[in-house]
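Some notes on the structure that comes next.
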Amino acid sequence: MPIAQDPLSVEVTLPREDVALVTVEGYLDVDTATEFQHHLANQLHHGRRHFLLDLSAVPFMDSSGMNIILRVYQEARELPGSVHIISPTPAVRRILDLTGVSITVPVSESVDEALERVDRPQAAPTEPEA
């Protein structure tokens, strides 16, 4: 039985109580997508509304990874919350662009930039004056 050459590593940190920074390292494909999905589901279960997905160490992602990102994006929007992709590798960025995922899910170059985007929509809506 062959051993996976590049197993998936997922680390979750909490820059804020409602924000999960999910740092992914390794191939995000049909063999590893379930592990990624479990981490995201666990964070949703614990009340996280905003997800920062650091893909800077993901050399390859297939449709399994994209589907999970889109699924958590839809679930987060209903909360309401958000999903942000951070620093995807060129190969992953190309897939996100070709499939249109990068149009739906914002792509940031840093954690700080993504956190600014998390704050922006919360400040934008204003209550109508009576």
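No hydrogens, no waters, no symmetry mates; every other heavy atom, side chains included, goes into these values.
Across all their heavy atoms, P106 and T104 have their closest contact at CD-O, 3.7 Å. Here the closest heavy-atom approach between residue V101 and residue M66 is recorded as CG2-SD, 4.2 Å. Contact record, A33 with I68: O-CD1, 3.0 Å, taken as the closest heavy-atom pair. For the pair Y27 and T32, the tightest heavy-atom approach, listed with the atom from each and the gap, is O-OG1, 2.6 Å. Across every non-hydrogen atom of S102 and D97, the tightest pair is OG-OD1, 2.6 Å. A76 and S82 make their closest contact through CB-N, 3.8 Å (heavy atoms, listed as atom of the first residue, atom of the second, distance).
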Self-check item: Chi angles and distances behind the side-chain contact (heavy atoms from CB on, under 4.5 Å) call for L52, L115
Solution: CA-CA 8 Å; L52 312 182; L115 284 171; 3.8 Å; yes
Self-check item: Verdict with reasoning, S64 to D29, per side chain to side chain donor-acceptor pair (under 3.5 Å)
Solution: CA-CA 6 Å; S64 303; D29 57 22; over 6 Å; no
Practice problem: Begin from the C-alpha positions of H84 and S108 and carry the test side chain to side chain donor-acceptor pair (under 3.5 Å) through to its verdict. | Solution: CA-CA 7 Å; H84 304 269; S108 300; 4.8 Å; no
Exercise. List the steps, then state whether side-chain contact (heavy atoms from CB on, under 4.5 Å) holds for D62 with F60.
Key: CA-CA 7 Å; D62 70 6; F60 173 80; 3.8 Å; yes
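Side chains of H46 and N42: a donor on one and an acceptor on the other come within 3.5 Å.
One hydrophobic cluster, built from ILVMFWY side chains closer than 4.5 Å, holds both L79 and I69. Linking ILVMFWY side-chain heavy atoms closer than 4.5 Å, directly or via other members, places L14 and V24 in a single hydrophobic cluster.
The closest side-chain heavy-atom distance from M61 to L96 is below 4.5 Å. Annotation: side chain of V10 is in contact with side chain of V22 (closest heavy-atom distance under 4.5 Å). Using a 4.5 Å heavy-atom threshold, the side chains of F51 and L40 count as touching. Counting heavy atoms from C-beta on, the side chains of P88 and V107 come closer than 4.5 Å. Between L21 and V12 the shortest side-chain heavy-atom distance does not fall below 4.5 Å. Counting heavy atoms from C-beta on, the side chains of V72 and Q37 never come closer than 4.5 Å. Taking the side chain as every heavy atom from C-beta outward, L53 and I86 never approach each other to under 4.5 Å. Under the 4.5 Å side-chain criterion, counting only non-hydrogen atoms from C-beta, T89 is not in contact with L55.
Taking the salt bridge (Lys or Arg N to Asp or Glu O under 4.0 Å) definition, one finds that R94 meets it with nothing, sequence neighbours left out.
When atom types are taken as modelled, the side chain of S87 and the backbone of E109 share a donor-acceptor pair closer than 3.5 angstrom. A donor-acceptor pair under 3.5 Å is formed between the side chain of R49 and the backbone N or O of P80.
Interatomic distance, CG of L70 versus OG1 of T99, reported as 7.5 Å (0.5 Å rounding).
Taking the charged nitrogens against the carboxylate oxygens, R48 and D18 have no contact shorter than 4.0 Å, which rules out a salt bridge. Using a cut-off of 4.0 Å between Lys/Arg side-chain N and Asp/Glu carboxylate O, R71 and E75 are scored as not salt-bridged. In this structure, R117 does not pair ionically with D112, as no charged nitrogen and carboxylate oxygen lie closer than 4.0 Å.
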